[in-house]
Amino acid sequence: MQKAFTNLLLNWNQSGNLRTMPWKGERDPYRIWLSEVILQQTRVEQGLAYYNRFIEKYHTIRDLAMAPDEDVFKLWEGLGYYSRCRNLLATARFIAFERNGRFPDTFEEILSLKGIGPYTAAAIASFAYGLPHAVLDGNVFRVLSRYFGITTPVDQPEGKKLYTRLANELLDTDSPGTYNQAIMDFGATICKPRQPLCQVCVQRNDCEANKLGIAEQLPVKSKSLVRRTRFFYYYIFSYEGGFYIRQRSDSDIWHSLYEWALVETEEAMKGEKKDLMHAVRNAYGNRLKGNIISVSDQYSQQLTHQKINGCFIHMELDHPLPEQLGFRFITRKQLGNFAFPRFITRYLEKHPL
DNA sequence: AAGTCGGGGGC
DNA sequence: GCCCCAGACTT
């Protein structure tokens, strides 16, 4: 059989695939697109609730396109990779207003949209329009590298080319969407990253990695992760019952999210008020006057490439903050309208203002 | 071609 | 701790 892998995969999909998800079998390109963007580098269990909330609030792409940025970011809050949210809004508005709501229906046009790369374009093209483009996500790389015993690194251009060609050869062109869904379900439930279910796998007799007993060692990645440590000291400025927040805009983590006044240092500061006051006046001007009310415990958060350490300092100001610092003055009640990083919301959950 | 962008879960 | 997750974008 030329494509034994494909046949066994489709058989397994019909009889042994128990995975259900709300967007499975969906044909509305808006819903497919939304689910795929939410699921980029995100586990299905984590993205599911977000998808449901988005669909409930924004039934159509036009509804999403007309929404204020802040509302959409608030709905995305906590999901991470916030450029996805920015691109989601840009693409929604492009399709709704520049294309009169018509979602593009060719692979190349879909691929040209902001926030849509090779994976997402193939997913939308196959699920919504039945176009013959194989998806390549973490599941597919893993399944193919194990089945064929490929040790070419998946995170380099040579590997991408090799896997792309192979995946498209294996694709069932009669029903690309079903095939694409099946191979991802297979990777997620059988050919798992750790402790794959090789004993009950329908491909076990042909799988090279299973024959060699090296399934868990594939796929190969060439890059090793480098992490840096940063120290964030957040000053919760209050004045006459209100608070100052600012939107992040640098090419840095948490772009578009809001935060308190931040002082970042190279080294950890002890919680001494004298040092904290010196640091904040150094950062925001020596005319800044006020009292430090409280200093929180140390908090830390592990991101993929960074470890954030720091704490939260309540500071009652004697005067309003100068306009040019770019802060926004809000009341306690307005706080819930803005999206904050988890580093901040986790603090707020323990210490509501 | 390499670096960067979150947050959570499994082990 | 380390690795991974329905990847994409920037440099």
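Heavy atoms only: backbone and side chains are in, while hydrogens, waters and symmetry mates are out. Here the structure is a predicted model, which is why all the values come from computation and not from measurement. Below, chains carry the letters A, B, ... as their sequence lines are ordered, and counting in each starts from 1.
- Ring geometry, A/Tyr58 versus A/Phe54: the interplanar angle falls from 30° to 60°, so the pair is classed tilted.
- Taking CD of A/Gln301 as the start and CZ of A/Arg346 as the end, the distance is 4.5 Å to the nearest 0.5 Å.
- The listed nucleotides are B/dG8, C/dA6, B/dC5; the one nearest the side chain of A/Val44 is C/dA6.
- The CG atom of A/Leu136 sits 10 Å away from the P atom of C/dG7 (whole-angstrom rounding).
- Here B/dG6 presents its P atom at 11 Å from CZ of A/Arg228, a figure rounded to the nearest Å.
- For A/Trp254, a side-chain nitrogen or oxygen approaches OP1 or OP2 of B/dG7 to under 4.0 Å.
- Between A/Phe343 and A/Trp254, the ring-plane angle classifies as parallel under the 30° and 60° cut-offs.
- Nucleotide B/dG6 forms no Watson-Crick or G-U wobble pair with any nucleotide shown, as no partner meets the under 3.5 Å limit on both distances.
- Closest to the side chain of A/Pro118, from the set B/dC5, C/dA8, C/dG1, is C/dA8.
- OP1 or OP2 of B/dG8 sits under 4.0 Å from a side-chain N or O of A/Arg342.
- Contact annotation: A/Thr120 side-chain N/O to C/dA8 OP1/OP2 distance is under 4.0 Å.
- When heavy atoms are screened at a 4.0 angstrom cut-off, A/Asp155 is found touching no nucleic acid atom at all.
- Between the P atom of C/dA8 and the CD1 atom of A/Ile110 lies a distance of 13 Å, rounded to the nearest Å.
- If you take CH2 of A/Trp23 and P of C/dA6, they are 10 Å apart, rounded to a whole angstrom.
- The P atoms of C/dT11 and B/dG6 are separated by 15 Å, rounded to the nearest whole Å.
- Each of A/Met21 and A/Lys114 has a nearest nucleotide on DNA chain C; the 5'-most of these lies closest to A/Met21.
- Across all strands shown, A/Gly78 has heavy atoms under 4.0 Å from sugar-phosphate atoms exclusively, and none from any base.
- Residues A/Gln247 and A/Ser256 have side chains that never bring a donor and an acceptor to within less than 3.5 angstrom of each other.
- A cation-pi arrangement is not found for A/Arg93 relative to A/Phe97, the charged atom failing to lie both closer than 6.0 Å to the ring centre and inside a 45° cone about the ring normal.
- Here B/dC5 is the nucleotide among C/dA6, B/dC5, B/dG6 with the atom lying nearest to any side-chain atom of A/His305.
- Of the side-chain N and O atoms in A/Gln46, none sit less than 4.0 angstrom from OP1 or OP2 of B/dG6.
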Taking N or O atoms only and anything under 3.5 Å, show me the protein contacts with nucleotides 9-11 of chain B, one pair per line.
from: B/dG9; atom 1: O4'; to: A/Arg43; atom 2: NH2; distance (Å): 3.1

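- Residues A/Gln156 and A/Phe340 both approach DNA chain B. Their nearest nucleotides, taken by heavy-atom distance, put A/Gln156 toward the 5′ side.
- A/Phe237 has its ring centre no less than 6.0 Å from the ring centre of A/Phe243.
- As rounded to whole Å, 13 Å separates atom P of C/dG7 from atom CG of A/Leu79.
- The side chain of A/Gln302 places no N or O atom within less than 4.0 Å of a non-bridging phosphate oxygen (OP1 or OP2) of C/dC2.
- Here B/dC5 is the nucleotide among B/dC5, B/dG7, C/dA6 with the atom lying nearest to any side-chain atom of A/Asp252.
- Between the side chain of A/Thr42 and the base of C/dG7, no donor-acceptor pair under 3.5 Å is found.
- To the nearest 0.5 Å, atoms CZ (A/Phe127) and CD (A/Glu36) are separated by 5.5 Å.
- With distances taken from any side-chain atom of A/Arg346 to the nucleotides B/dG6, B/dG8, B/dA2, the minimum falls on B/dG8.
- To the nearest angstrom, P of C/dG7 lies 10 Å from NZ of A/Lys160.
- Separating the CZ atom of A/Arg19 from the P atom of C/dC5 is a distance of 12 Å, rounded to the nearest angstrom.
- When heavy atoms are screened at a 4.0 angstrom cut-off, A/Ser83 is found touching no nucleic acid atom at all.
- The listed nucleotides are B/dG8, B/dG6, C/dA8; the one nearest the side chain of A/Gln40 is C/dA8.
- The CG atom of A/Asp137 sits 10 Å away from the P atom of C/dA8 (whole-angstrom rounding).
- Remark on DNA chain C: of its neighbouring residues A/Lys24 and A/Arg227, the 5'-side contact belongs to A/Arg227, judged by nearest-heavy-atom nucleotide.
- Taking atom C1' on both B/dC11 and C/dA6, the two are 22 Å apart, rounded to the nearest angstrom.
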| task | Show your reasoning for whether ring pair (Phe, Tyr, Trp, His ring centres under 6.0 Å) applies to A/Tyr82 and A/Phe73. | result | CA-CA 8 Å; A/Tyr82 297 93; A/Phe73 273 99; 7.2 Å; no
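- To the nearest 0.5 Å, atoms CG (A/Leu39) and CZ (A/Arg84) are separated by 8.5 Å.
- Taking the side chain of A/Lys221 as heavy atoms from C-beta on, and the options B/dT4, C/dA6, C/dC5, the nearest nucleotide is C/dC5.
- Comparing B/dC5, C/dC3, B/dG8 by their closest approach to the side chain of A/Ile253 singles out B/dC5.
- Among the protein residues, A/Ile116 comes within range of the sugar-phosphate backbone only, with heavy atoms under 4.0 Å from sugar or phosphate atoms but none that close to a base.
- Taking 3.5 Å as the limit, the base of B/dG7 and the side chain of A/Thr304 contain a donor-acceptor pair of atoms between them.
- Between A/Tyr81 and C/dC9, a side-chain N or O to OP1/OP2 separation shorter than 4.0 Å is absent.
- Classified by interplanar angle (parallel below 30°, tilted 30° to 60°, perpendicular above 60°), the ring pair A/Tyr234/A/Phe232 is perpendicular.
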